[in-house]
Amino acid sequence: MPLLDVKNLHTEFRTGVGVVHAVDGISYTVEPGETVAIVGESGSGKSVGALSLLRLIPDPPGRITGGEVWFGGRNLLRLSDAEMREVRGGEIGMVFQEPMTSLNPVLTIGRQITETLERHRGADRAECERRAAELLGLVGIADAPRRLKQYPHHLSGGMRQRVMIAIALACDPKLIIADEPTTALDVTIQAQILELMQRLTRQLGVALIIITHNLGVVARYADRVNVMYAGRIVESGRAAAIYHEPRHPYTMALLRSVPRLDRPRQARLDPIEGQPPDLTRLDDGCAFRSRCRFAVERCASSRPPLATVSADGQRAACWRSDALASAGRAA
Amino acid sequence: MYRYLVNRILLVFPTLFGAAALVFALMRLIPGDVCLVRLGSGGTSFSEQALQACHAELGIDRPWLVQFGQFLWGMLHFDFGISMWSGKPVVDEIASRFPISLEVALIATAIAVVLAIPLGTISALKQNTWIDLLVRTVSIAGIATPSFWIGIMAILIVLDLTQWIGGHPWMPPIDYVSLWKDPIRNLSIVALPALTVGYRYSAVSMRMTRSAMLEVLREDYIRTARAKGLLEKIIINRHALKNALLPVITVVGLEFAFLIGGLVVTEQVFNLNGIGRLMVLSVQNQDYTLTQALVMVVVTIAILANLVVDLLYAWLDPRIRLK
Ligand SMILES: Nc1ncnc2c1ncn2[C@@H]1O[C@H](COP(=O)(O)OP(=O)(O)O)[C@@H](O)[C@H]1O
Ligand SMILES: [Mg+2]
């Protein structure tokens, strides 16, 4: 049984210009201990999809309008607020994109770690502080006793993200959701943080959902990948398969837009042309067709379902995924 | 932190000096002087000699620089001299008016803080519900209505109510007694003005609390706190309020300094002998010594209020301590 089973999740925002269908029916699973990546351009609904799992969507204007989120035998969307608070920080930890603003500037690092422990473990102060120091050591922050007394502004971005990881790990969760944990960091620090997360999640047997718009990250750290476009999953499968044999034009375009280590240095990178669609007025056709080199008439009239395209379970939502298989190999 | 404090305290002296120079010059730039007011007040004519004698007696015929030197020198050992109008020591004039102003300001501040912070927080948490609407309407009314009108209304309501309940109207006593001597009498004088002022003051602080709170609630660290599964009570008290209070403290501090010398109309309406009315009177009489001393008192209180604000800031916000 998967650890997490998301079924047909829908999240909308009611705004002045209309209803934004930020997450429009996504389904995926995460097995215990597995690392699953969610990739897509900015605005494709990755963050909203992740926040919806923990029911952290600001309401108003946001609202989860449908679907199920099965975790540990319970549908999280049906839990009471009190039950949901037990899950947050206890069974599921979260690491956010903005290390500079995600920690409270007026509380010490120590307090921000111990409060999670106090909340979920009910341990006494001394025990919490001992554990907090241990956690800092675990995420590679030396001199824990001093660090615990410091405030976020004393720490660099990379250090703060390590603290966020320590907080997420504090109560031995089964799953950590990391929403672009390295996007705001220096390139050199990015790799360190990703290595750290990979090492710790393996070592502790924690499953990881890692959100990113960088396919290079995916190839190195993820077991499986979900590619999102306009609030939907357009391709999913094992990371290696998606990286080497993409079956959706959007995934192919994403791959061409980033430098790759496994290919000879390309003369130039191709940014994806055109703009993502307006999420308030999606029609019945494929949302990517206006930017797609392979689009045919059928793409305008009906939306392709996420269909299995290979024996190892790779799936793509494209009418032309068969044609792309050969095109991809030729490229 | 230590250096920050020392810097702040050292800054007090140039500020005081600037204020002294300003009030000294402004008073003397106003046409006329206290002798003209004194001698000509009844419309009577007076001789040039009498005027000069008066100038010489008060020492305002001497060069400005000399007068300014005397003023500064006096202040340095807390000697503010004699009121040019009444002939009484300036210190006595101020001492008899100061307690009532201070008391009104302190009670009004207490009322404001006690009302503003919880109401502003609730208003922000329940944004756009009927509670929020109610709180905002009452506070807008407090800001938009002139305080003399609220004061007069308050007096009329008390008059009518006491008439209705006891059979004859009740008026607060006029002569001020200290809180220690006769608390009931003291409070019956101070309560209405303090409430009137406190209402407007709390309205201002409430709106500040509400908007600061709304802003803080959108911060990433609040989302982090939610993602930790913390109880809403802890998210508000520990995470949000401490950050939202920073701008509120500034507003409260500024208001407080204003209340000491700025309640001219309220003091008039409630017939209180406070600093505000004394200030107006002394300027009208062109009483240099008294006006100068009053301004210095008010400026000192403003500086102290600011210092307290800064200290609270440093205590609440560790980022300030670093600077
Ligand atoms: N609070 C909000 N109000 C209105 N629209 C929102 C809000 N948050 C996100 N959205 C919309 O939801 C869509 C998906 O956003 P998001 O999940 O943040 O994208 P990303 O894939 O970059 O993480 C975007 O079009 C965004 O405009
Ligand atoms: Mg995002």
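Here is how names work: the chains are called A, B, and so on, in the same order as the sequence lines, proteins then strands, and each is numbered from 1.
Residues of residues 168-175 of chain A never come within less than 4.5 angstrom of chain B, heavy atom to heavy atom. Listed in order of number, the residues of residues 155-165 of chain A that approach chain B to under 4.5 Å between heavy atoms are A:M164. Within residues 97-115 of chain A, the residues approaching chain B closer than 4.5 Å by heavy atoms are, in numerical order, A:E98, A:T101, A:S102, A:L103, A:N104, A:P105, A:V106, A:L107, A:R111, A:Q112, A:E115. Contact annotation for residues 208-227 of chain B against chain A (heavy-atom separation below 4.5 Å, listed by residue number): B:D220, B:Y221, B:R223, B:T224, B:R226, B:A227.
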Item to check | Intermediate values then yes/no, side-chain contact (heavy atoms from CB on, under 4.5 Å), A:R119 and B:L231 | outcome: CA-CA 8 Å; A:R119 168 77 182 90; B:L231 299 173; 4.1 Å; yes
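Residue with the most contacts toward chain B among A:R55, A:R85, A:E118: A:R85 (heavy-atom pairs, distance under 4.5 Å).
Using a 4.5 Å cut-off between heavy atoms, A:I177 does not touch chain B at all.
Shown here is B:R238, whose CZ atom has more than 12 heavy atoms of other residues, nucleotides or ligands within 6.0 Å.
Formation of a donor-acceptor pair under 3.5 Å by the A:H120 side chain with backbone atoms of B:K228 is found in this model.
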